[in-house]
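Just below is one structure, and these are the notes that go with it.
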Amino acid sequence: MPNQPLSQLPNFLYGTAWKEDRTTALTELAVRMGFRGIDSANQRRHYSEAGVGEGLAAAYRAGLVTRNDLFLQTKFTYQRGQDHRLPYDPAASLSVQVAQSLASSLGHLATDHVDSYVLHGPSSNYDWTDADGEVWDAMHKEREAGRARLLGVGNVSLLHLQQLAATRVELPAFVQNRCYARLGWDRDVRQFCRKHDIVYQGFSLLTANQEVLQHPLIASVAASTNATPAQVMFSFARSIGILPLTGTTNAEHMKQDLASPNLTLPPNAIQAIESLAG
Ligand SMILES: NC(=O)c1ccc[n+]([C@@H]2O[C@H](COP(=O)([O-])OP(=O)(O)OC[C@H]3O[C@@H](n4cnc5c(N)ncnc54)[C@H](OP(=O)(O)O)[C@@H]3O)[C@@H](O)[C@H]2O)c1
């Protein structure tokens with residue numbers, strides 16, 4: 001399936017990391033508040049994917065949405081990113097681990113496919129390795145079997161993407177990265193994504209950029225647009241082509257986050273924010 005333009009995807013992805021026994025209630029609340037994109041991972045260390053599935057089931061039971069209304073994304077995580085609660089046999093080949101992990105995710109989420117399947121992070125912080133090539137190939141097989149619609153990679157550098165491209169395999173539909181203002185909002189990776197029609201998903205937009213969130217420029221843009229600083233950050237992110245994630249646990253913040261795509265920032269404000277930190 002060809003990569004999709006940002007406009008055909010949900011405005012926001014609701015992130016389900018670090019919620020532990022609140023995962024079910026917060027996932028249902030997020031759907032109730034209007035989120036239609038849900039991000040998870042089969043990585044028990046940071047996510048309770050089974051809890052996400054229970055939250056979705058509650059939302060279906062309450063008649064809030066059906067499966068087809070949702071964009072569900074989950075991830076394959078190498079053993080080095082996991083604790084002892086593995087969703088696969090670590091003695092199996094990486095291809096088998098991918099198949100086992102996705103089968104387990106589909107069980108957690110009570111669905112026959114995910115809309116996006118993401119390699120959580122490459123096996124090396126520096127290079128795209130043969131192991132990554134094997135996993136990427138296995139992820140394509142899952143997609144061909146109909147168990148995933150689109151594929152992505154996370155926590156990648158420009159070098160990872162260039163090396164992946166050099167192997168002449170299909171490029172991802174998504175890149176999901178932590179987006180630091182001080183790195184020009186991940187400018188190099190975003191440029192690569194723009195050139196190759198890859199949707200860039202940005203996380204930690206607020207938490208990794210506290211100095212920007214508290215900057216007088218953001219306060220003045222927020223005051224002049226009658227928005228909150230967080231809404232300005234999310235609106236800015238969208239205007240430079242980032243599909244934002246939020247993992248807020250607060251209903252009022254959910255409402256504000258979902259309203260942020262309606263906020264249009266003046267071009268000079270976008271430029272000023274973009275050049276604020278790198
Ligand atoms: N691929 C990866 O390796 C990776 C890594 C990290 C995260 N992620 C994904 O990204 C998701 C989001 O994570 P994140 O790092 O961006 O941080 P986050 O978990 O969304 O944390 C956001 C923080 O900002 C606060 N906040 C204050 N005002 C807010 C507002 N108006 N809207 C939203 N938050 C507000 C939140 O507090 P309140 O709860 O009080 O609102 C919370 O403490 C995760 O759940 C996960 O799905 C992926």
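Order of appearance sets the numbers: ligands from 1, and atoms from 1 within every ligand.
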Worksheet, complete the sentence: Residue shell for ligand 1, any heavy atom closer than 4.0 Å, reads Gly15, Thr16, Ala17, Trp18, Asp39, Tyr47, Lys75, His120, Asn155, Gln176, Arg178, Phe203, Ser204, Leu206, Thr207, Ala230, Phe234, Leu245, Thr246, Gly247, Thr248, Thr249, Asn250, His253, Gln256, Asp257

Worksheet item: Quick one: does Lys75's side chain get under 4.5 Å of Gln43's, heavy atoms only?
Response: no

Worksheet item: Taking only residues two or more places apart in sequence or in another chain, which ones pass side chain to side chain contact (heavy atoms under 4.5 Å, CB included) with Ser224?
Response: none

Fill in: Rounded distance (nearest 0.5 Å) linking atom CZ of Phe71 with atom CG of Asp115
5.5 Å

Discussion item. Using only atom types and a distance under 3.5 Å, with no angle test, would you say the side chain of Asn42 pairs donor to acceptor with the backbone of Leu102?
Written reply: no

Practice prompt. Tell me whether the guanidinium CZ or amine NZ of Arg182 lies under 6.0 angstrom from the six-membered ring centre of Tyr180 and within 45° of its axis.
Written response: yes

Worksheet item: Any chance the side chains of Asp89 and Gln100 put a donor and an acceptor closer than 3.5 Å?
Response: no

